[in-house]
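Reading through the structure tokens given below for one structure.
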Amino acid sequence: GQQLNQSPQSMFIQEGEDVSMNCTSSSIFNTWLWYKQDPGEGPVLLIALYKAGELTSNGRLTAQFGITRKDSFLNISASIPSDVGIYFCAGLGGSQGNLIFGKGTKLSVKP
Amino acid sequence: SAVISQKPSRDICQRGTSLTIQCQVDSQVTMMFWYRQQPGQSLTLIATANQGSEATYESGFVIDKFPISRPNLTFSTLTVSNMSPEDSSIYLCSVGARAGAGNEQFFGPGTRLTVL
């Protein structure tokens with residue numbers, strides 16, 4: 001079945017640094033979604049991407065839909081302590097809107 | 001985006017019992033889904049809850065173990081039947097945007113289940 005490879009698995013950074021994470025797949029996706037999950041909460045949608053090559057920003061977050069439709073990246077600029085959490089990519093390519101999730105990137109930010 | 005609530009938020013259950021989780025949305029939605037997130041893991045789709053018909057289950061999940069109801073466009077339930085410790089997970093419902101809108105899915109806060 002379709003699988004997403006998300007990297008890195010975890011990151012430890014200093015407050016103020018920029019962060020980059022990505023997802024790749026051998027399959028083509030029609031939509032890429034990026035979520036953040038805080039402990040004890042459900043995932044919250046950060047950015048949705050619909051077109052190959054699309055670059056979309058949401059505040060300090062920027063995400064791109066890869067031109068091959070097989071990858072996507074998420075950048076966070078000038079990280080702050082509240083950016084701590086687990087970030088998941090998710091691709092949509094199956095029937096009935098089934099999302100395939102990456103394994104997540106756990107972000108830790110040192111003040 | 002829709003406001004999604006789940007009940008209960010958490011529960012501790014005994015082996016062999018069943019638990020029904022409710023998902024309520026504040027507006028009518030076309031698509032509703034149920035996911036499982038095992039400890040420290042990513043999300044795995046259990047099934048798509050279809051209004052007025054049987055749910056569509058993903059490989060590895062069966063109706064006898066995870067019966068699902070969706071009586072209308074704002075409500076769904078997931079039952080975890082004959083529980084074992086391996087069922088300890090977070091169970092999440094999600095909703096899809098209205099037909100014709102984007103393909104985003106929005107998640108409820110989750111139900112944290114511990115089976116002893």
Side-chain angles (χ1 to χ4, degrees), chain A residues 1-10 21 23-25 28-52 54 56 58 63 65 69 72 85-108, chain B residues 1-6 9-10 21 23 25 29-51 53-61 70 89-114:
Chain A
Q2 295 174 312
Q3 290 188 340
L4 293 183
N5 301 308
Q6 185 171 352
S7 64
Q9 184 175 355
S10 62
M21 59 192 79
C23 276
T24 62
S25 175
I28 290 174
F29 289 94
N30 300 320
T31 298
W32 283 95
L33 306 175
W34 284 92
Y35 290 88
K36 181 187 180 216
Q37 187 175 29
D38 292 326
E41 304 289 333
V44 174
L45 182 64
L46 299 173
I47 292 179
L49 302 160
Y50 299 109
K51 296 180 183 177
E54 179 181 356
T56 298
N58 178 7
F65 193 144
R69 296 168 61 193
S72 177
I86 302 178
Y87 292 79
F88 290 99
C89 64
L92 192 64
S95 61
Q96 298 199 60
N98 295 353
L99 278 183
I100 308 296
F101 278 81
K103 294 188 182 300
T105 296
K106 185 174 182 179
L107 179 63
S108 302
Chain B
S1 62
V3 176
I4 307 163
S5 60
Q6 285 186 233
S9 59
R10 58 177 63 232
I21 301 167
C23 180
V25 191
V29 292
T30 305
M31 309 293 287
M32 293 183 79
F33 306 90
W34 286 98
Y35 288 81
R36 181 176 72 183
Q37 187 176 27
Q38 294 176 302
Q41 302 296 313
S42 187
L43 285 77
T44 301
L45 181 64
I46 298 172
T48 302
N50 300 309
Q51 193 262 331
S53 64
E54 195 170 282
T56 304
Y57 289 84
E58 296 300 302
S59 176
F61 298 97
R70 188 168 176 201
S89 293
I90 300 172
Y91 292 86
L92 297 142
C93 73
S94 76
V95 303
R98 297 183 304 278
N103 290 324
E104 302 98 337
Q105 282 187 26
F106 301 95
F107 285 83
T111 295
R112 185 179 295 271
L113 171 63
T114 301

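Lettering follows sequence order; numbering is per chain, from 1.
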Side chain / backbone / both / neither for B:Gln6 at chain A, heavy atoms under 4.5 Å | neither
Honestly, the part of B:Leu92 sitting under 4.5 Å from a heavy atom of chain A is side chain
Given a strict heavy-atom distance threshold of 4.5 Å, which part of A:Gln37 is in contact with chain B: side chain, backbone, both, or neither?
-> side chain
Taking atom CD1 of A:Ile100 and atom CG of B:Leu43, what is their separation to the nearest 0.5 Å?
-> 11.5 Å
Output the distance between atom CG (A:Leu99) and atom CD (B:Glu104), rounded to the nearest 0.5 Å.
-> 10.5 Å
Please step through side chain to side chain contact (heavy atoms under 4.5 Å, CB included) for the pair A:Phe88 and B:Gln37, ending with a clear verdict.
-> CA-CA 12 Å; A:Phe88 290 99; B:Gln37 187 176 27; 3.7 Å; yes
Walk me through it: do A:Val44 and B:Phe107 pass the test side chain to side chain contact (heavy atoms under 4.5 Å, CB included)?
-> CA-CA 7 Å; A:Val44 174; B:Phe107 285 83; over 6 Å; no
Evaluate whether atom NZ of A:Lys36 has more than 12 neighbouring non-hydrogen atoms of other residues, nucleotides or ligands under 6.0 angstrom away.
-> yes
Verify whether one side chain among A:Tyr35 and B:Gln105 offers a donor that lies under 3.5 Å from an acceptor in the other.
-> no
With B:Gln51 via side-chain hydrogen bond (donor to acceptor under 3.5 Å, both in side chains) - residues at least two apart = none
